[in-house]
Amino acid sequence: PQSNENTDTIKPKIRKYNRGERLSVKGLKDKKLKSQLKTKEDLFEKSALTAAKVEQWLLPSEGGALEADDGENTYDYTQEDIVKNVDISSAHKAFDLRLPDLGPYTIDYTHSGRYALIGGRKGHLAVIDWKTKYLMMETQVKETTRDIKFLHNEQFFAAAQSKYIYIYDKKGAEVHCLKEFVAPLKLEFLRHHFLLVSTNKAGVLHYQDTSTGQIVANYSTRLGPCRVLRANPYNAVVSLGHSNGTVTLWTPNMGTPLVRMLCHRGAVTSTAFDMGGSYMVTAGADARIKVWDIRKMQALHSYMAFQSTKSLDVSQKGLLAVGSGSTIEIWKDAFQVKQEKPYMKHRLFQNSTIQDLSFCPYEDVVGIGHTGGVTSILVPGSGEPNFDSFVANPFQTVKQRHEAEVHALLDKLQPQTIMLDPQKFGAVDKNPRKNLREQEEEEDESKKIQGQKKAKRKTKGRNKVGKRMAKKQLEAFGTKRSIIREQQQQQKQTKGALVKEREEPLPRALERFAS
Amino acid sequence: MKVRVISRSEEAFTRERSQDVTKVFRNLDPRLHPMERAQEYTRALNAVKLDKIFAKPFIGALSDHRDGVSCMAKNPSRLNCLVSGAMDGDVRLWDLAYRKTVAEFPGHNGAVRGVSISSDGDFLVTCGDDCTARLWELPAAEIGEVSGGVKHCEPVMVFQDKNSFRAVDHQWEKKVFATAGANVSVWDYNRSEAMTSFSWGSETVVSVKFDPAEPDVFVTTGSDRSICLYDLRMNTPLRKLVMQTRTNAVAWNPREPFNFTAANEDCNCYTYDMRKLKFAKCIHKDHVSAVMDVDFSPTGREFVTGSYDRTVRIFSYNGGHSREIYHTKRMQRVFSVRFSGDATYVMSGSDDTNIRLWKAKASEQLGVLLPRERAKHEYLDAVKQRYKHLDEVKRIDRHRQLPKAVFKAKKLRQEMTEAARKKESRKRAHSAPGSMPREAARKKRIVAELE
């Protein structure tokens with residue numbers, strides 16, 4: 001017997017755990033299948049209810065929140081105010097690393113949120129345990145480093161240096177130099193597939209498997225150098241932002257983009273994805289920030305920014321961070337409803353320009369890389385309070401890290417499994433366009449045709465200028481088209497006449513002789 | 001203003017000493033677990049590949065016989081007991097765990113044709129080519145008594161008859177057993193002559209089997225390609241089903257009292273419902289030579305068959321094709337098979353004087369499993385079940401290495417059936433519509449049903 005008091009609070013949570021609608025078995029005539037499906041669906045309902053109850057009662061931590069007093073707004077509060085009103089350990093999470101000499105910094109956090117990787121433009125790379133401020137590793141690579149990214153662990157990271165991508169160890173030793181890819185600009189790591197994605201100055205998109213070293217795909221986008229690269233955490237599809245205002249979505253399985261969207265009137269300066277995979281935010285040189293529903297491919301909202309936005313990021317709880325110039329604005333619930341005012345604002349010291357923004361997973365912190373160094377500010381309510389030890393454990397011991405690496409490698413997904421809708425995996429194609437046999441026949445035919453050599457077009461002595469001009473004029477007036485159309489109509493009529501002659505159906509044995 | 005930030009204390013999330021339990025936290029939010037289906041598929045694929053790596057079904061051989069093994073019987077009340085009879089009159093009681101002979105039952109002069117144990121595990125009945133059926137008392141074996149040497153037992157009773165016996169089966173309730181030979185006779189322990197004899201037509205009865213769930217019903221197969229149903233409470237036989245080829249053995253489904261599976265000479269097994277003998281419930285096709293013996297698993301969901309084509313196959317009770325095949329170069333014609341009483345092992349007795357012990361599930365981990373191991377196996381089974389229909393997984397799961405002779409024979413049979421099918425379809429296409437009625441495959445092999 002279930003208690004009725006809790007059903008109101010639990011019902012909306014159950015929906016989150018249902019992977020789709022309940023299957024109705026009413027029309028089925030096969031009794032065994034009907035009963036089997038019914039028991040399965042009951043089990044799914046039960047498990048969704050249990051998961052919802054676990055969420056309500058058993059999760060250990062509570063999320064953050066910032067509430068303004070009457071008459072005040074949340075965006076009026078500065079970081080100093082927040083730090084004063086928070087406990088000591090959280091106060092230490094907000095800090096400034098002043099590193100003015102070595103160029104604008106990029107920042108990346110590991111998936112568990114424990115370690116931060118900072119990379120200065122002039123080649124300064126460092127891995128820090130940012131909560132304890134312990135410096136794990138620091139090197140100077142003496143080259144322009146345009147982007148940095150952690151691989152599956154804090155043990156390895158990749159740096160997109162001036163000529164090639166280099167992979168470094170936790171001690172700063174150079175482990176690999178990926179010479180197949182020249183002049184890399186941006187890096188992205190698909191955690192489940194162990195794929196390192198990169199773009200370069202020639203506009204080539206490169207996928208490489210970091211566990212086997214195999215190059216999975218190399219596609220030229222033909223849209224110029226691509227400085228905007230972001231992976232969708234929901235389906236591992238990668239979005240590139242181009243200078244003509246389009247955003248293209250790619251998978252390693254196709255040489256052409258899956259989707260091409262014209263998003264902005266100027267170049268696209270930044271993109272970001274929501275963790276649930278429903279929303280995409282893009283910022284462009286036309287000072288607009290647009291929110292798109294990426295599942296239905298619809299534009300939702302468009303915000304105006306005063307400056308060109310250099311970087312965007314979406315937190316685990318759906319907070320949007322917008323970094324433009326030296327101010328960072330954080331918007332809450334910006335996707336479903338168009339907000340008028342931001343949630344929080346922060347201006348960097350000495351007006352340093354923001355280079356990169358990254359929310360720290362499982363913490364209420366956002367890391368900002370800028371020309372003056374690296375800053376970490378508190379954003380209450382941005383991080384997911386409850387982590388799953390098997391997904392990401394901020395308190396991971398060495399043994400747990402070893403085990404997790406092995407499990408991740410065993411569960412490594414193949415690049416062929418990347419698709420726009422991951423729920424369709426293993427599902428039945430209800431409207432197959434072609435029968436398998438027809439497909440095979442078509443392939444055989446196309447092979448035959450390819451085997452045949454192309455008939456050479458003879459134009460020797462027939463390419464007189466006068467005739468060419470006359471042809472062009474005909475095409476311009478469309479007379480040739482009308483001639484062809486008339487011919488087609490005549491053919492149809494004659495065919496129809498022939499078909500009408502046969503009224504009785506042919507006997508089955510002779511059907512194969514009918515034309 | 002009211003501020004609250006996520007702050008975790010290390011004590012709550014880590015352990016102090018190595019003796020403490022490691023703290024594990026779960027968050028089942030689907031946003032934290034993206035691409036679940038692809039991951040499950042990857043796990044299913046890996047699990048299926050691991051299955052193939054761990055598939056080591058052969059456990060051992062019981063090789064004390066000196067001539068081909070003709071029949072076997074398992075003890076319904078003890079798991080480690082197996083009695084087997086050989087072509088030279090040798091009857092042995094084995095301890096399956098030690099794979100050694102515990103007791104010998106000398107006495108038969110010719111080949112032993114049938115062995116059967118009573119349901120309480122006390123008495124053993126054997127019959128042979130020397131026209132005798134003998135009743136023995138099974139020695140109560142204890143665990144670890146194998147080292148005591150092989151016992152030689154004396155028969156309690158010897159039943160003499162005019163003709164040789166072909167099979168024997170003990171009833172599941174009373175102290176009564178039935179023998180098959182020139183006719184079917186039902187014997188009681190205390191009488192030296194048969195209590196009743198049944199016969200229908202002049203034919204040799206090749207095998208006899210009592211229904212474990214319906215103790216008074218038994219089925220016999222005859223050399224006139226018939227399957228006969230009898231009831232002990234009636235004087236006359238119930239029903240006779242005549243097929244196109246002879247049935248070598250029959251096994252009753254222990255979970256479904258009215259269903260039995262017949263192992264036929266035409267390489268197929270036919271499952272019948274005894275109430276409706278007009279058509280077979282299911283045809284199990286995969287062997288390439290005559291099927292010699294059939295036995296059901298105690299779960300009633302699988303059965304094992306041994307065939308003249310030197311292979312042992314395991315079928316699902318309602319499946320048209322086998323799920324597993326066991327073969328060895330050294331195993332010759334298989335004449336008898338038994339499924340063990342705990343549904344974990346399969347025994348096959350063959351012409352090469354060996355009884356081989358196999359696992360029912362080739363890649364199963366035997367022994368005591370830790371709860372985590374068991375949970376992992378169950379999870380992998382469930383995940384394999386879910387993605388079993390997809391190409392890659394199916395291909396790896398289905399693949400079995402066949403001996404060359406079996407492979408070639410299978411191909412030949414496929415060609416022949418395909419040719420026959422094409423010929424029939426062309427004939428139908430070129431004849432008047434309706435002049436060639438289609439025959440159901442399940443009825444095709446049945447010649448007649450007689451009462």
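All chains are named by letter (A, B, ...) in the order of the sequence lines, taking the proteins before the strands, and each is independently numbered beginning at 1.
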>> Looking at every heavy atom in both A/S389 and B/K23, which two are closest together, and how far apart are they?
In response: OG-O, 4.3 Å
> Which bit of A/L413 is near chain B, if near means a heavy-atom gap under 4.5 Å: side chain, backbone, both or neither?
Replying inline: both
> How far does OG of B/S7 sit from CD of A/E363, to the nearest 0.5 angstrom?
Replying inline: 8.5 Å
>> Quick check for you: among B/R43, B/R8, B/Q39, which has the greatest number of heavy-atom pairs under 4.5 Å with chain A?
In response: B/R8
> Closest approach of B/E10 and A/F395, non-hydrogen atoms and distance?
Replying inline: CG-CE2, 4.0 Å
> Which distance, rounded to the nearest 0.5 Å, do you find between the CD1 of B/I6 and the OG of A/S382?
Replying inline: 6.5 Å
> How far does CD of B/E36 sit from CD of A/Q423, to the nearest 0.5 angstrom?
Replying inline: 7.0 Å
>> Measuring from atom CG of A/D69 to atom CE of B/M1, what distance do you get when rounded to the nearest 0.5 angstrom?
In response: 8.5 Å
>> What's the separation between atom CG in A/L66 and atom NZ in B/K2, rounded to the nearest 0.5 Å?
In response: 11.0 Å
> Taking all atoms of both residues into account, what is the closest heavy-atom pair of A/D388 and B/N27, and its distance?
Replying inline: OD2-O, 3.1 Å
> For B/L390, is it the side chain, the backbone, both or neither that has a heavy atom under 4.5 Å from a heavy atom of chain A?
Replying inline: side chain
>> Given heavy-atom pairs under 4.5 angstrom as the criterion, report whether the side chain, backbone, both or neither of A/K93 touches chain B.
In response: side chain
>> Other residues, nucleotides and ligands only: do more than 12 of their heavy atoms fall within 6.0 Å of CG on A/D30?
In response: yes
>> Counting neighbours of CZ on B/R398 that are heavy atoms of other residues, nucleotides or ligands and sit closer than 6.0 Å, is the number greater than 12?
In response: no
> Can any side-chain N or O of B/R31 pair as donor or acceptor with the backbone N or O of A/Q316 at less than 3.5 Å?
Replying inline: yes
>> Which atoms of A/Y77 are under 4.5 Å from chain B, going by heavy atoms: the side chain, the backbone, both sets, or neither?
In response: side chain
> Using non-hydrogen atoms only, which part of A/P507 is less than 4.5 Å away from chain B: side chain, backbone, both, or neither?
Replying inline: neither
>> For the CZ atom on B/F407, are there more than 12 heavy atoms of other groups (residues, nucleotides or ligands in this structure) within a distance under 6.0 Å?
In response: no
>> Students often mix this up, so state it plainly: with edges at 30° and 60°, are the rings of A/F387 and B/F13 parallel, tilted or perpendicular?
In response: tilted
>> If I measure from the heavy atoms of chain B, does A/E62 come under 4.5 Å with its side chain, its backbone, both, or neither?
In response: both
> Run the side chain to side chain contact (heavy atoms under 4.5 Å, CB included) check on A/Q414 and B/T42 step by step: do they pass?
Replying inline: CA-CA 8 Å; A/Q414 293 302 309; B/T42 312; 6.0 Å; no
> What part of A/E72 is in contact with chain B, defined as an atom under 4.5 angstrom from a non-hydrogen atom: side chain, backbone, both or neither?
Replying inline: neither
>> Test your reading of the model: is there a side-chain donor-acceptor pair from B/N46 to the backbone of A/L410, 3.5 Å cut-off?
In response: yes
>> Other residues, nucleotides and ligands only: do more than 12 of their heavy atoms fall within 6.0 Å of NZ on B/K52?
In response: yes
> Counting heavy atoms not belonging to B/K285, are there more than 12 under 6.0 Å from its NZ?
Replying inline: no
> By a 4.5 Å heavy-atom criterion (distance strictly below it), what part of A/P233 contacts chain B: side chain, backbone, both, or neither?
Replying inline: backbone
>> Quick check on the interface: out of A/N393, A/D87, A/T74, who has the most heavy-atom pairs with chain B under 4.5 Å?
In response: A/D87
> Looking at B/V5, B/T14, B/L45, which makes the most heavy-atom pairs under 4.5 Å with chain A?
Replying inline: B/V5
> What part of A/N235 is in contact with chain B, defined as an atom under 4.5 angstrom from a non-hydrogen atom: side chain, backbone, both or neither?
Replying inline: backbone
>> Quick check on the interface: out of A/G64, A/P422, A/A65, A/A52, who has the most heavy-atom pairs with chain B under 4.5 Å?
In response: A/A65
> Considering only heavy atoms, which portion of B/R426 lies under 4.5 Å from any heavy atom of chain A: side chain, backbone, both, or neither?
Replying inline: neither
> Which pair of heavy atoms, one from B/M35 and one from A/Y234, lies closest together, and at what distance?
Replying inline: CG-O, 3.6 Å
> Short question: side chain of A/T417, backbone of B/A38 - any donor-acceptor pair under 3.5 Å?
Replying inline: no
> With only heavy atoms counted, which part of A/D81 is less than 4.5 Å from chain B, the side chain, the backbone, both or neither?
Replying inline: both
>> Among A/Q400, A/R19, A/K13, which residue has the highest count of heavy-atom pairs closer than 4.5 Å to chain B?
In response: A/R19
> Which one, A/S89, A/A392, A/S90, A/A68, leads in non-hydrogen pairs under 4.5 Å with chain B?
Replying inline: A/S90
> Within a reach of under 6.0 Å around CD of B/E16, are more than 12 heavy atoms found that belong to other residues, nucleotides or ligands?
Replying inline: no
> B/F25 versus A/N386: any side-chain heavy-atom pair under 4.5 Å?
Replying inline: no
>> I'd like to know whether NZ of B/K410 has more than 12 heavy-atom contacts from other residues, nucleotides or ligands below 6.0 angstrom.
In response: no
> Atom CZ of A/F390 and atom CZ of B/R26: how far apart are they, to the nearest 0.5 Å?
Replying inline: 5.5 Å
> Under 6.0 Å from the CZ atom of A/R295, do we count more than 12 heavy atoms belonging to anything else shown?
Replying inline: yes
> Between A/E67 and B/R4, is there a side-chain N and carboxylate O pair less than 4.0 Å apart?
Replying inline: no
>> So which atom in A/G426 and which in B/H389 form the shortest heavy-atom distance, rounded to 0.1 Å?
In response: O-NE2, 3.8 Å
> In terms of heavy-atom proximity below 4.5 Å to chain B, should A/H193 be classed as side chain, backbone, both, or neither?
Replying inline: side chain
